[in-house]
There are 2 protein chains.
Amino acid sequence: MTTSTTTRLLDAAEFRMRRGGYNAVSFRDLASDTNIKSSSVHYHYPRKEDLAVALIQRYREQFFEALDKNTRSANEAESKLRAFRLLYRKALIKDGALCLCGLLGAEAAGLPPSVRDAVNGFFAANIEWVSEALPASMPMAERRKAARRLVATYQGGMMLAKSMDDPKLFDAIATTAIEQSPALNR
Amino acid sequence: MTTSTTTRLLDAAEFRMRRGGYNAVSFRDLASDTNIKSSSVHYHYPRKEDLAVALIQRYREQFFEALDKNTRSANEAESKLRAFRLLYRKALIKDGALCLCGLLGAEAAGLPPSVRDAVNGFFAANIEWVSEALPASMPMAERRKAARRLVATYQGGMMLAKSMDDPKLFDAIATTAIEQSPALNR
DNA sequence: CGCAATATATCAGGTGATAGATAGGCGATT
DNA sequence: AATCGCCTATCTATCACCTGATATATTGCG
């Protein structure tokens, strides 16, 4: 089976952007990655921000598809949160790169508004998901607060682990974080 | 009093780099910021990575000078950690930008090794400082773990708050984080 | 003088983006 | 069945501009 050009373009863009950020991706790089010419890349994504927005959209969809799949049979908050942590872990360890939105979020001030919005949509959905996963016995305000803190810790943990080139650092940080989520210490 | 050219260069570079990252700073931008020519910038910092390393060094020194100053009369772990949190907060709120090393750490994979090393030195010093600030009654291994998690949470919290354009988000995340530092719940 | 700091001028290469040509497939018309 | 027009996807060629970096000249001060 052959992979569509847009898929190969997004694959190449994701690989590069999750390592170097928005400016580390050029139309010429993507063209040579996919064996077409840079003008053909513009045919599929006229402007660079179009490409970035499409990439973030796909990233978000794939993230939540995997998350839903891995929590289909999960009832307890603890197993849902574990699936969430393992998905972040996989992004770091298996892909060997940061979360796309973690990197773009750091660069947010210099990004086109449409890209920034897409990144923030990912974060909002993350926080929303974790809030829902926390036990209903916990007040909603408290759940949102814990959710925000969890996402912040995981994003910061990925950044630290990748920057310091020590994947175990993420586990040390993230595993502790989940144990200390107030809802789970009943 | 006049400010030295290198100081003005580092000021301009810090402003730009803390918003857009490494690639968002160009010699020509810095030249026009400081009313000199780009070749004169090269006189002070021959290569871009020289400039970045010097900038990170200064950032680190100023950070720990301020930290020492603000904890000179602090004995309790709680007040030391509060000073640490408030310094991160100031970097975000007053400067209106991310931590220089938080941004560069995210871009680490695409940076020159010397710059990456300088960034990691900042993180290592951060973790070390927090480890020392935590109560001696706590085992060192546990202190290091809590310190890593705290730094990760603050870095991630800054990124989330700045990206989502909601400074209060950092307070919500960071205040909760410090309250949950295991050592302080005695 | 001699040195530190600036300037002029230029280089090779990369950047996002656009205009216009070409090829091939596919359905509709003849 | 053959042809035509259209559409998708690619190509070639080029634009103006920005990038880090260098060689060389000039300035001004102690």
On the nucleotide C/dA7, are OP1 or OP2 found under 4.0 Å from the side-chain N or O atoms that B/Ser40 carries?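 The answer is yes; a side-chain N or O of B/Ser40 sits under 4.0 Å from OP1 or OP2.
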
N or O in side chain of B/His44 less than 4.0 angstrom from C/dT6 OP1/OP2: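 Affirmative; the distance criterion is met.
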
Between [Y] and [X], does any NZ, NE, NH1 or NH2 come within less than 4.0 Å of an OD or OE carboxylate oxygen?
X        : Y        : answer
A/Arg19  : B/Glu107 : no
B/Lys168 : B/Asp171 : no
B/Arg116 : A/Asp165 : no

Ignoring hydrogens and geometry, is there a side-chain-to-backbone donor-acceptor pair from A/Thr71 to A/Leu67 under 3.5 Å?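 Yes, because the side chain of A/Thr71 sits within donor-acceptor range (under 3.5 Å) of the backbone of A/Leu67.
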
Round to a whole Å and report the spacing from [atom1] of [X] to [atom2] of [N].
X       : N      : atom1 : atom2 : value
A/Leu9  : D/dT8  : CG    : P     : 17 Å
B/Glu49 : D/dT19 : CD    : C1'   : 16 Å
A/His42 : D/dT14 : NE2   : P     : 17 Å
B/Lys48 : D/dT22 : NZ    : P     : 15 Å

Residues touching DNA chain C, which here means a heavy atom under 4.0 Å, drawn from residues 23-38 of chain A: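 Residues of residues 23-38 of chain A that come under 4.0 Å of DNA chain C are, in numerical order, A/Val25, A/Ser26, A/Phe27, A/Arg28.
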
Residues in side-chain contact (heavy atoms from CB on, under 4.5 Å) contact with A/His42, at least two apart in sequence or another chain: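 side-chain contact (heavy atoms from CB on, under 4.5 Å) check on A/His42 returns A/Phe27.
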
Selection from C/dA9, C/dT6, D/dT12 that lies nearest to any side-chain heavy atom of B/Thr5: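 Given the options C/dA9, C/dT6, D/dT12, the side chain of B/Thr5 is closest to C/dT6.
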
Out of D/dA21, D/dT10, C/dG16, whichever nucleotide has its closest atom nearest the side chain of A/Tyr43: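 Minimum distance to the A/Tyr43 side chain belongs to D/dT10.
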
Side-chain heavy atoms of A/Leu81 within contact of A/Leu134, under 4.5 Å: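 A side-chain contact exists here, since the closest heavy-atom pair is under 4.5 Å.
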
Any donor-acceptor pair under 3.5 Å between the side chain of A/Ser39 and the base of D/dT12?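 Check passes, donor-acceptor contact within cut-off.
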
